[in-house]
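The structure appears right after this line, and notes come after that.
Residue numbering restarts at 1 for every chain, and letters A, B, ... go by the order of the sequence lines.
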There are 2 protein chains.
Amino acid sequence: MTTGAGVGDNQGVGTPVEDTFAEAIATSPRRARTRERLLDAALTLFAEVGVDATSIEAICERAGFTRGAFYSNFSDRSALIDALAAREQGRAISELRDAIEASPWNDVPEGTDDVGAVASVATQLLDALTIDRRWALVNGEMRLMALRDRSLAPAHEARENLLLDAIADEIRRLTACLGRRLAIPDRTFVRLLWAGFQADLEAADRSLGTDHPTTAVELATSWIPEVVTRLTVPAEPSP
Amino acid sequence: MTTGAGVGDNQGVGTPVEDTFAEAIATSPRRARTRERLLDAALTLFAEVGVDATSIEAICERAGFTRGAFYSNFSDRSALIDALAAREQGRAISELRDAIEASPWNDVPEGTDDVGAVASVATQLLDALTIDRRWALVNGEMRLMALRDRSLAPAHEARENLLLDAIADEIRRLTACLGRRLAIPDRTFVRLLWAGFQADLEAADRSLGTDHPTTAVELATSWIPEVVTRLTVPAEPSP
DNA sequence: TGTATCCGATACAGTGGCGTATCGAAAGGT
DNA sequence: ACCTTTCGATACGCCACTGTATCGGATACA
């Protein structure tokens, strides 16, 4: 929806044809590669100097192309942004799935009462979502863009909900595994957890230049267990 | 520190003289008024279309001036941003102080055990801080700017800490008044509260166009009491 | 190997914004 | 009311970026 990626192939640059559907239509391997390189360059520059401050020309230069390549692949700036958001959010979700797959929570015995275990798994999951610091930054900017331009909001919200729901699901499974359940709505809990972790990420980032460099995970483990403990209650009041 | 506001008065526009100290140096009432109008216009436009996307020209136009006025008052774009941040953050803090002053918490009897009361006061305080939706938006963008450009970080962090500390102080006083204390570090708690409330603000904003318009305070009261209850414990284990 | 097609490079207006220099008109003092 | 100072308007040159049209080399297919 909402214009999609928009390959908009055509004969030359001229009119990239409305990138209406297209989507999965046969894109040559070559084309796909340049698209990827352009998206990579955009992600890097967006993170470095901001979305608005990044010129199309700069993106092309960093990707090793000229603007001709850009306009052959994207109708305009916003089409690139859409495509980037779609790609990165998809990547984030699949990373979450991988993390869930690889997570040790499957080994946790059914009746464990160690809330700390859940907390540590939760932290690892959050961490898995933020391997790419660039996207954390750019996504923050897109959040603001969606707040300003209401027409962008639905797409952004949908993308973010996808992720937050996935996290919520996982948290619910984890707590259930310990015979507990959340005392507040899942979504609220995830929101708090996510926001708190974002702050940890920022703090960790800031600490890089100082003499006490820490990681976000270190910071997170100092409060997540306590919060998880206090915001969950034993489940099954009546079995 | 960090360049300050920078009136940088001089003879004409030419070289606005380094806005080194200056600060409280005699600014004519006229000058002060145009500065304010420029800052107001900037705040509005920054919120509407973003900081980077706002041209100096647009700011002047909206304020009813031309660029001559701008360069007579600010050395460049970043000087304006500094001045705006300083003004708005100062405003936020004084609004918090006012809210504390006017808050009904002073009337709460010493031994009240109604955690909900504290929560509602806390919500009102948070609400008081966000009367101006524009600044909430712009401050979010400045957070990102500080994350990208490390040289901006100290000033931003200092400003934000001022506010968060003030909130933390107040929360501590409120909980103490109920004979309880936070089970996690004040700062962590405030961070969660603040982040959660920001999300409520966004949600409230989004709900404006729908058929279920709600306010941030409504949303916040649905979870803050529970969270406050669960994240505090009775104080004075040994009186 | 020849040929049609794809796709990125190059060239070209056109636009908008920046920063400076200069000018004219308010403000403010006496 | 005059003169000085302050301060915003106007005019100028400059540069970065956008979007389109055209061109030429690569690629795939026979």
Side-chain angles (χ1 to χ4, degrees), chain A residues 5-19 22 25-42 45-46 49-81 83, chain B residues 5-19 22 25-42 45-46 49-81 83:
Chain A
V7 168
D9 187 10
N10 59 341
Q11 71 288 17
V13 173
T15 45
V17 177
E18 60 268 66
D19 8 5
I25 289 184
T27 34
S28 78
R30 182 192 183 189
R31 204 172 180 74
R33 261 182 288 125
T34 67
R35 274 179 70 90
E36 288 301 298
R37 280 170 59 190
L38 284 170
L39 290 174
D40 289 342
L45 286 173
F46 285 175
V49 297
V51 174
D52 283 334
T54 300
S55 69
I56 293 179
E57 196 140 26
I59 294 171
C60 296
E61 190 181 4
R62 161 131 354 184
F65 294 107
T66 63
R67 288 203 337 285
F70 181 90
Y71 285 107
S72 168
N73 278 277
F74 302 97
S75 60
D76 60 5
R77 178 192 203 68
S78 77
L80 169 81
I81 294 177
Chain B
V7 168
D9 188 9
N10 59 342
Q11 71 288 21
V13 172
T15 45
V17 177
E18 60 269 63
D19 10 4
I25 289 184
T27 33
S28 78
R30 182 192 182 189
R31 203 172 182 74
R33 261 182 288 125
T34 67
R35 274 179 71 89
E36 288 302 299
R37 281 170 58 190
L38 284 170
L39 289 175
D40 289 342
L45 286 172
F46 285 175
V49 298
V51 174
D52 283 334
T54 301
S55 70
I56 294 179
E57 198 140 25
I59 295 172
C60 297
E61 190 182 2
R62 160 130 357 183
F65 294 108
T66 63
R67 290 210 330 286
F70 181 90
Y71 286 107
S72 169
N73 278 277
F74 302 96
S75 60
D76 60 5
R77 178 192 201 68
S78 78
L80 169 81
I81 293 177

Next on the checklist: For dC7(D) and Ser28(B) - does any side-chain N or O of the residue sit under 4.0 Å from the phosphate oxygens OP1/OP2?
Outcome noted: yes
Checklist entry - Starting at the 5' end of DNA chain C, which residue's closest nucleotide do you reach first, Phe70(A) or Phe70(B)? => result Phe70(A)
Checklist entry - In whole angstrom, what separates Arg33(B)'s CZ from dA27(C)'s C1'? => result 10 Å
Checklist outcome for this item: Of dA9(C), dC18(C), dG8(C), the nucleotide closest to the side chain of Thr66(A) is dA9(C)
Item to check | Nearest-neighbour nucleotide for the Arg31(A) side chain, dC17(D), dG8(D), dC7(C) considered | outcome: dC7(C)
Checklist outcome for this item: Here the pair of heavy atoms bringing Ala69(A) nearest to Phe65(A) is CB-CB, 3.7 Å
Next on the checklist: Side chains of Phe74(A) and Ile56(A), heavy atoms from C-beta outward: is any pair under 4.5 Å?
Outcome noted: no
Next on the checklist: Check whether Arg37(A) reaches the backbone of Ala63(A) with its side chain - one donor and one acceptor, N or O, closer than 3.5 Å.
Outcome noted: yes
Item to check | Separation of dG17(C) C1' from Ile59(B) CD1 (nearest whole Å) | outcome: 12 Å
Checklist outcome for this item: In whole angstroms, the gap separating C1' of dA13(C) from OH of Tyr71(A) amounts to 14 Å
Checklist entry - Is a side-chain donor or acceptor of Arg35(A) paired with a backbone partner of Asn73(A) at a separation under 3.5 angstrom? => result yes
Checklist entry - Between dC7(D), dA9(D), dG25(D), which nucleotide has the shortest distance from any of its atoms to the side chain of Arg30(A)? => result dG25(D)
Checklist entry - To the nearest angstrom, how far is Asn73(B) atom CG from dA9(D) atom P? => result 10 Å
Checklist entry - To the side chain of Phe65(A), which of dG8(C), dC18(C), dT18(D) is closest? => result dG8(C)
Checklist outcome for this item: Considering only heavy side-chain atoms of Ala69(B), the closest of dG8(D), dG28(C), dA9(C) is dG8(D)
Next on the checklist: Expressed as a whole number of angstroms, how long is the span from Ile56(B):CD1 to dT20(C):C1'?
Outcome noted: 13 Å
Checklist entry - Leu80(B) CG to dC18(C) C1': how many Å, rounded? => result 15 Å
Checklist entry - Over how many whole Å does the gap from Arg67(A) atom CZ to dC7(C) atom C1' extend? => result 16 Å
Checklist entry - NA contact type, Ser55(B), heavy-atom cut-off 4.0 Å: base, sugar-phosphate, or nothing? => result sugar-phosphate
Item to check | Spacing between Glu57(A) atom CD and dA11(C) atom P, to the nearest angstrom | outcome: 13 Å
Checklist outcome for this item: Side-chain contact check for Pro29(B): nearest option of dG28(C), dG19(C), dG8(D) is dG28(C)
Next on the checklist: I need the minimum non-hydrogen distance between Thr54(A) and Ile59(A), along with the two atoms involved.
Outcome noted: CG2-CG1, 3.6 Å
